[in-house]
Amino acid sequence: MGKPIQYRAMTNMILDSLNDAQCSAVTAPLSHQLILAGAGSGKTRVLVHRFAWLVDVEAIPLQSILAVTFTNKAANEMRSRIEHFLHVSSRALWIGTFHGIAHRLLRLHWREAGLVEGFQILDSDDQLRFIRRVHVSLNLDEERWPAKQSQWFINGKKDEGLEPQHLSAYGKKEDQVRITIYQAYQEACARAGVVDFADLLLKVHQLWLKQPDILAIYQQQFRCILVDEFQDTNTIQYAWVRLLAGQHNFVSVVGDDDQSIYGWRGAKIENIHRFCQDFPAVETVRLEQNYRSTGMILAAANSLISQNTGRLGKNLWTSGAQGDPVTIYAGFNDWDEARFVVNSIRELQIPFSEVGILYRSNAQSRVIEEVLMQFNIPYHVYGGLRFFERAEIKDALGYLRLIANRDDDAAFERVVNTPTRGIGDRTLVALREYAVAQSVSLWRASIALLEQNHFPARAAHALSHFINWMDTIARDSEPLPLYEQTEYVIQNSGLVEHYRKEKGEKGLARIENLEELVNAARQFDLSEAIEGLSPLNAFLASSALEAGDRQTADSANSVQLMTMHAAKGLEFPVVFLCGCEEGIFPHYRSQDNPNQLEEERRLCYVGMTRAMKKLYITYAESRRLHGKETHHRPSRFLREISPEFCKEARMKTTVSLGVMNRPINKMPEDIKGIQIGQHVSHHVFGKGIVLQHEGHNEHARIQVRFETSGTKWLIASFVTAV
DNA sequence: CCGGGTAACATTTTT
DNA sequence: TGTTACCCGG
């Protein structure tokens with residue numbers, strides 16, 4: 001039986017350079033599939049090739065395959081690899097995050113889903129503010145009812161697919177109050193025409209349940225569903241996949257139970273087990289050959305993770321070199337530990353960008369940063385605010401949101417008095433009360449109360465001015481292209497003058513960010529837009545759904561510092577796992593719960609398996625924590641790694657500062673003369689200007705904005721005046 | 001409305 | 001220790 005040449009050529013390309021396990025995952029006949037993909041086993045590759053196989057060999061149309069991931073990063077990577085591999089345009093591809101795809105569906109079916117056409121998306125920050133407002137309107141004491149907890153409660157319930165009416169009011173009084181808050185919050189969202197992240201999934205799920213005809217459309221469209229990082233799915237996501245799969249479609253899930261580290265935010269590792277029960281005839285493939293790490297590193301990691309119970313079972317192996325044993329270092333204190341890390345980096349003589357320093361919690365970066373700075377080693381810390389999460393950006397977007405939808409109360413609250421325009425608390429309280437009582441938005445409440453002459457002259461004047469002004473800029477900017485509209489709003493909102501007044505140079509950075517927002521709008525790819533969605537609404541949605549990169553990519557040749565959570569999916573030739581002490585890692589809040597403890601162990605496993613060639617694990621016998629000297633025993637994880645794969649290290653080079661003491665930085669006399677605005681230079685970061693300073697003598701630190709390396713806090717003695 | 005002083009607090013993070 | 005939130009006085 002001769003197969004078409006096209007078929008064979010393509011098949012060869014698809015199967016080229018795959019190992020046996022990968023190959024069987026890619027070429028499996030149509031059925032439900034569970035692909036257990038160990039760390040570094042070529043998971044993405046298998047997904048991409050499976051996709052290609054389905055298209056080319058199984059003749060599934062492109063638009064009949066749905067590929068879902070958790071992060072935009074993963075989605076973008078898969079998309080671009082598939083585009084390259086198949087030479088297709090992204091138009092027809094259904095690849096995206098759960099939230100992104102749900103959003104796309106809600107824009108198509110907003111009416112059936114009970115939403116307004118221009119609905120906006122609340123990010124977690126907006127959501128928290130919004131919940132605060134709800135608390136106030138319910139007269140709840142912020143002491144007893146922290147808004148954070150309500151947010152946690154509401155999101156938790158939504159992730160379980162539960163709405164207020166599903167929740168029993170028979171529970172504890174506390175729960176009853178929470179349910180009331182949940183209910184009131186939902187009503188407030190409906191009035192404002194906004195949805196939160198969890199709503200995106202929940203509302204699509206409800207839509208499908210309530211309107212079988214719509215569900216049927218998508219069940220018929222998506223013959224194959226691929227889910228990445230399946231161990232991270234939560235209840236609603238699982239329900240979503242199950243519903244969409246129906247009786248006739250095929251689901252392939254890819255995941256690794258040993259890398260499940262997001263249980264604390266609702267991920268259900270059990271979904272992997274449930275999958276095998278709920279879906280008939282699941283074919284399981286294990287990808288255990290690792291292409292990343294040395295034999296020693298894998299053996300060490302395997303020995304650790306084997307302590308966990310209830311695993312599906314998997315042992316990573318490599319055909320590559322054994323490599324060096326894992327280096328364990330016991331530091332005298334946190335400074336000593338940091339110095340060991342930095343010393344080792346210097347001795348390795350490798351590009352800085354090949355080093356990853358991982359820790360359990362962000363606060364641990366500080367000491368390491370300071371030592372890196374002392375040795376003039378460039379570094380990049382992951383985490384922190386993202387572009388679209390910055391206050392000034394959210395202010396500007398607030399105006400745009402009001403233009404798109406005057407009823408958006410979250411946006412209204414944010415910008416109505418930013419910058420201050422004489423609309424005070426009094427006025428707002430009245431507006432909120434009226435809005436809740438009449439079940440209208442704050443915008444409508446403003447108009448109604450102004451008509452009723454409810455306010456004293458001054459307040460009335462300020463408010464009506466704002467209302468009219470919003471309508472005017474909305475009208476005037478409407479015909480402009482997106483970026484001009486953005487620019488117009490920023491210029492006319494008074495935000496620029498507002499931030500210009502901010503003391504220090506912080507305001508300057510904010511104004512620059514506002515300018516950057518105009519650029520972002522200019523570059524916004526309108527092809528991403530969903531049919532029927534205005535450019536403005538598309539831009540606003542994408543700003544919530546893809547909040548942008550974390551910080552700028554000045555990481556060209558710098559050491560990478562991040563939490564172990566953030567390191568998932570990444571790899572480095574050299575990895576340092578720091579702070580491996582009981583109470584730090586595993587974290588003390590996980591110590592008494594066996595499940596949480598196992599998750600910590602998986603986190604350690606994730607950290608270890610990031611290393612390609614060399615892995616260092618360090619701990620400190622004493623450490624400064626919350627301002628107090630503390631002592632911790634070495635992490636149990638160190639004991640759980642088989643000793644035959646480890647070796648103890650000592651610091652090879654004596655450090656001039658003295659190993660046993662905290663550093664005492666000599667401060668040149670002239671440092672007192674450093675002033676804001678002064679030009680300085682630094683060995684690594686180059687030339688810059690002093691923005692702020694704090695502390696005295698050896699504690700003096702200064703904030704410098706460098707011409708090319710961004711803004712940094714430094715110990716004052718490390719710069720020289722120019 | 002701001003800013004200073006202070007008290008409380010302190011995982012992990014994506015959408 | 002470092003941050004953040006809140007309260008009160010000018």
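Residue numbering restarts at 1 for every chain, and letters A, B, ... go by the order of the sequence lines.
Annotation: B:dT12 and C:dA5 have their P atoms spaced 16 Å apart (nearest Å).
The phosphate of B:dT15 has neither OP1 nor OP2 within less than 4.0 Å of any side-chain N or O from A:Asn155. Between A:Asn417 and B:dC1 there is a side-chain N or O to OP1 or OP2 distance below 4.0 Å. A close approach under 4.0 Å does not occur between any side-chain nitrogen or oxygen of A:Arg624 and OP1 or OP2 of C:dG2. For B:dT13, the OP1/OP2 oxygens have a side-chain nitrogen or oxygen of A:Thr563 closer than 4.0 Å. Residue A:Asn72 has no polar side-chain atom (N or O) positioned under 4.0 Å from OP1 or OP2 of B:dT14. OP1 or OP2 of B:dT12 has at least one side-chain nitrogen or oxygen of A:Asn362 nearer than 4.0 Å.
Put simply, the side chain of A:Thr233 gets close to the backbone of A:Phe230: a donor and an acceptor are under 3.5 Å apart.
Put simply, CZ on A:Arg589 is 12 Å from P on B:dC9, counting in whole angstrom units. When rounded to the nearest whole Å, the span between CG of A:Leu358 and C1' of B:dT12 equals 13 Å. Between the NZ atom of A:Lys568 and the P atom of B:dT15 there is a distance of 12 Å, given to the nearest Å. At whole-Å resolution of the value, CZ in A:Arg366 and P in C:dG2 are 4 Å apart. Atom NE2 of A:His626 and atom P of B:dA10 are 8 Å apart (whole Å). Going from atom CG of A:Asp125 over to atom P of B:dT13 covers 17 Å, rounded to whole Å.
Put simply, the side chain of A:Ser124 and the base of B:dT14 share no donor and acceptor less than 3.5 Å apart.
Between A:Phe539 and A:Phe524, the angle of the ring planes goes over 60°, which puts this pair in the perpendicular group of the 30/60° scheme.
Both the sub-6.0 Å distance and the 45° axial angle are satisfied by A:Arg107 relative to the ring of A:Phe119. A cation-pi arrangement, defined by a distance under 6.0 Å to the six-membered ring centre and an angle within 45 degrees of its axis, is present between A:Arg265 and A:Tyr262.
Counting only heavy atoms from C-beta on, A:Thr420 has its side chain closest to B:dC1 among B:dT12, B:dC1, B:dT15.
Between A:Glu581 and the choices A:His632, A:Glu621, A:His631, the side-chain contact (heavy atoms from CB on, under 4.5 Å) rule is met once, by A:His632.
Residue A:Trp264 and nucleotide B:dT12 are classified as a stacked aromatic pair, their ring centres being separated by less than 5.5 Å at an interplanar angle below 30°.
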